[in-house]
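The sequence lines fix the lettering, A, B, ..., with proteins before strands; numbering per chain opens at 1. Note that the structure is predicted; figures quoted are calculated from it, not measured.
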There are 4 protein chains.
Amino acid sequence: MPDKATHPRSLRAQDSVLCATKELLAEGGPAAATVDAISARSGVSKATIYKHWPSRTAIAAEAFGREMAAAIPLPDTGSARGDLAEQVRRVSRFYAGPHGRVFAQLLAASVTDPQAAPYIREYFLDARRAAVSELWQRAVDRGEVKPGISAATAIDVLFGPLIFRLLTGHAPLTAEEADQLSAAALDGLLR
Amino acid sequence: MPDKATHPRSLRAQDSVLCATKELLAEGGPAAATVDAISARSGVSKATIYKHWPSRTAIAAEAFGREMAAAIPLPDTGSARGDLAEQVRRVSRFYAGPHGRVFAQLLAASVTDPQAAPYIREYFLDARRAAVSELWQRAVDRGEVKPGISAATAIDVLFGPLIFRLLTGHAPLTAEEADQLSAAALDGLLR
Amino acid sequence: MPDKATHPRSLRAQDSVLCATKELLAEGGPAAATVDAISARSGVSKATIYKHWPSRTAIAAEAFGREMAAAIPLPDTGSARGDLAEQVRRVSRFYAGPHGRVFAQLLAASVTDPQAAPYIREYFLDARRAAVSELWQRAVDRGEVKPGISAATAIDVLFGPLIFRLLTGHAPLTAEEADQLSAAALDGLLR
Amino acid sequence: MPDKATHPRSLRAQDSVLCATKELLAEGGPAAATVDAISARSGVSKATIYKHWPSRTAIAAEAFGREMAAAIPLPDTGSARGDLAEQVRRVSRFYAGPHGRVFAQLLAASVTDPQAAPYIREYFLDARRAAVSELWQRAVDRGEVKPGISAATAIDVLFGPLIFRLLTGHAPLTAEEADQLSAAALDGLLR
DNA sequence: GAGTAACCGAGACGGTACGTCCTGTCTTGGA
DNA sequence: TCCAAGACAGGACGTACCGTCTCGGTTACTC
């Protein structure tokens, strides 16, 4: 994570890096986002890159996370059940789409590369968890939730299955499947 | 996947490879199980290794899967709810233990390496899913299950959260956490 | 070199090998005539091949030598000078032609591979030297030769330059060049 | 062929490579001068080696050529005939000596490996030809040469036979043999 | 005409070298 | 002072060919 506001050069360099990485990810997936390739395309030297990120996965996480944030806006259907079910459907659709594989590969990379894990967490998981926690809190406030169930538990039960399918591909990620999963999970989580 | 009963030489070579890989995995995790290292330790040439497996991840999956199979026996507590909850606890304990990280890394590797995915599926997922499906069927037979819920859905809702936590490490995998997750999930799955 | 007259199978096998090798040489040069390729195309197993030849170069030498023998018939112009000059021209033309490179590569291979050297000698050099020695003897008998010059010396002075050029390619192998070389050499060899 | 004066690192690396190669050639001939071996002994990585040379033969040519240059100084006996005959004797002695086989194998390798041919030419042939051309020019200036004979022709007729014998080993490379060959050749070349 | 021995195809195998790729560190020279 | 440019060591990759070996079926002699 970058220094605050040193030379403006740093900032420009970082932007170039993230932008180049975004392009490379789009073109060839994580495999194409080599440090050399990022350096070449961004015009930022490898030494500088390594000054700001610990590994290529970290860069990819930051670059990809930026655009994913807005890709899945929180729903507001009026009911907790509706909101959460819709959110499961949206995340499922995202996973099934073209960015799904990239996300899966980044997630996988973060397992192998511990240095990148904080980046993955920061740019993907934490933001998402916070957003859904908000939904959950709404439900709690409305009294729709069974007592004693933390937001963390709820999130894992709702989205863990999607992650599971995304990684192993043992079952499809269609809207119907998403609804089945969310229905079962929400039956256990809500009143 | 090799032919059945060709030359005995094949079998010896394959055994050597799997055994050497098992050792390397134990010593240094998947990162240590390079094809070169496996070749050196097993005395099997790289060419031969590549004749039998498409990638190092595939070898690791087979080698590791062999010993994992018996590591988590199916429980039989008398009730579906008890059986499934206990199984979630056991799997959770396995993930939290020393083999957990190896398993996580193999799972992650299979995302990056499509050639290895079938091996991961064969040696880890399919066997496990079949075993738990059996548990589920017992529950169905006893009439303890809500109607319209497939084994696949049940498995994903029960174990997806564990996989999620294993990969991202955002929450612990203690017995208590496992119980919370299984309780929430089973409330949604069973009557 | 093969056993005398064992099973006819051997003979068929050897013919197949030589024929396949000839084809491979024509298609891709010596580089394509690997033992595996020869085995595959000829239907003769590698073990059998190694029973009859010590190395792939040896096979190639035998296969290629067979057809080269008749490619350069001895001239008979009536005079020693004419015969020898014509022979130099013919050999030069052969070297410059499509077979030249193959011959060069075989000759080169025989330097690296001592086991193949006898084959190269038998199928290329000896036969050629004997043939030209005959020409030389004719010249001696006619009294056209300076005294004290052996056939070996004559052959080397006449054809060594061609070999030199064939190998290093530092100068062309045209008819004019051949004539210049043979003229200079023959001035030193004949009266 | 490397750039002139880039980083001094390049120079150090290249020197290490050539030095290690020289040693390996001396110890085990061209067969021992593997790229891996050169890399291991010189401490220069394979990638770097391949950045500077196209093939192992090229490295060997450069390494070996460096020391061969001074090994055969040009003679100056006062007469063209004497100089050239002496030079043939010296080259012959070199070929017959311990370096002869290495030279032969490099020459052979350059036939198989076109990428290395320029290196062979640069480090062996061109320098030698230039040196002998000088001798030849002296002879021309002294009027000892028959008219119409180019240096190239003279060189080939004089040294081609030696190359021929070096490669095929069909005749010895003693001083007497060298004298016979040079005598015959010079009779044809000089007045 | 059956038995038996040699032989052969098929191809797996260990070994060795190849040439490529990517990482993360380091150095140089210019801005 | 900071950075692009990129050279470098290290190490894994996947491939190719070699020469040896083992197997099982066929062939061709022997009795």
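- Each end of the helix from E:dG1-F:dC31 to E:dA31-F:dT1 gets its own axis, taken as the rotation carrying the C1' atoms of four end pairs onto the next four within a five-pair window, and the two axes meet at 10° to the nearest 10 degrees.
- Atom-to-atom, NZ of B:Lys51 to C1' of E:dC13 comes out at 7 Å; the value is rounded to the nearest Å.
- The side chain to side chain contact (heavy atoms under 4.5 Å, CB included) test applied to B:Thr168 returns A:Leu107, A:Leu125, B:Phe164, B:His170, not counting sequence neighbours.
- Looking at residues two or more places apart in sequence or on another chain, you find a side chain to side chain contact (heavy atoms under 4.5 Å, CB included) between C:Asp36 and C:Thr34, C:Lys46.
- The shortest distance between the side-chain N/O atoms of B:His52 and the OP1/OP2 oxygens of E:dA12 is not below 4.0 Å.
- Salt-bridge check for A:Glu27 with A:Lys22: failed, with every basic side-chain N at 4.0 Å or more from each acidic carboxylate O.
- Looking at residues two or more places apart in sequence or on another chain, you find a side chain to side chain contact (heavy atoms under 4.5 Å, CB included) between A:Ala58 and A:Trp53, A:Pro54, A:Ser55, A:Ala116, A:Tyr119.
- For the pair C:Trp53 CH2 and F:dT20 C1', the interatomic distance rounds to 18 Å; values are reported in whole Å.
- Place A:Gln115 and D:Pro54 on DNA chain E by their nearest nucleotides, and D:Pro54 ends up nearer the 5' end.
- Put simply, CZ on C:Arg12 is 15 Å from P on E:dC7, counting in whole angstrom units.
- Not a single side-chain hydrogen bond (donor to acceptor under 3.5 Å, both in side chains) links A:Gln115 to another residue, sequence neighbours left out.
- Residues meeting the side-chain hydrogen bond (donor to acceptor under 3.5 Å, both in side chains) test with A:Gln105, sequence neighbours left out: none.
- For C:Ser42, the side chain to side chain contact (heavy atoms under 4.5 Å, CB included) criterion is met by C:Ser16, C:Val17, C:Ala20, C:Ile38, C:Val44, not counting sequence neighbours.
- Of the residues in residues 24-39 of chain B, not one comes within less than 4.0 Å of DNA chain E through any heavy atom.
- No donor-acceptor pair under 3.5 Å is formed between the side chain of D:Arg66 and the backbone N or O of D:Tyr123.
- When rounded to the nearest whole Å, the span between CD1 of C:Ile59 and P of F:dC17 equals 14 Å.
- Scanning for side-chain hydrogen bond (donor to acceptor under 3.5 Å, both in side chains) contacts around A:Arg121 gives an empty result, with sequence neighbours left out.
- Using a 4.0 Å cutoff on non-hydrogen atoms, the parts of residues 40-50 of chain B near DNA chain F are B:Lys46, B:Tyr50, ordered by number.
- Within the 4.0 Å cut-off from OP1 or OP2 of F:dA12, not a single side-chain nitrogen or oxygen of B:Arg56 is found.
- Contacts of B:Arg101 classified as salt bridge (charged side-chain N to carboxylate O under 4.0 Å, His left out), with partners at least two apart in sequence or in another chain: none.
- Under the side-chain hydrogen bond (donor to acceptor under 3.5 Å, both in side chains) criterion, A:Ser39 pairs with no residue, sequence neighbours left out.
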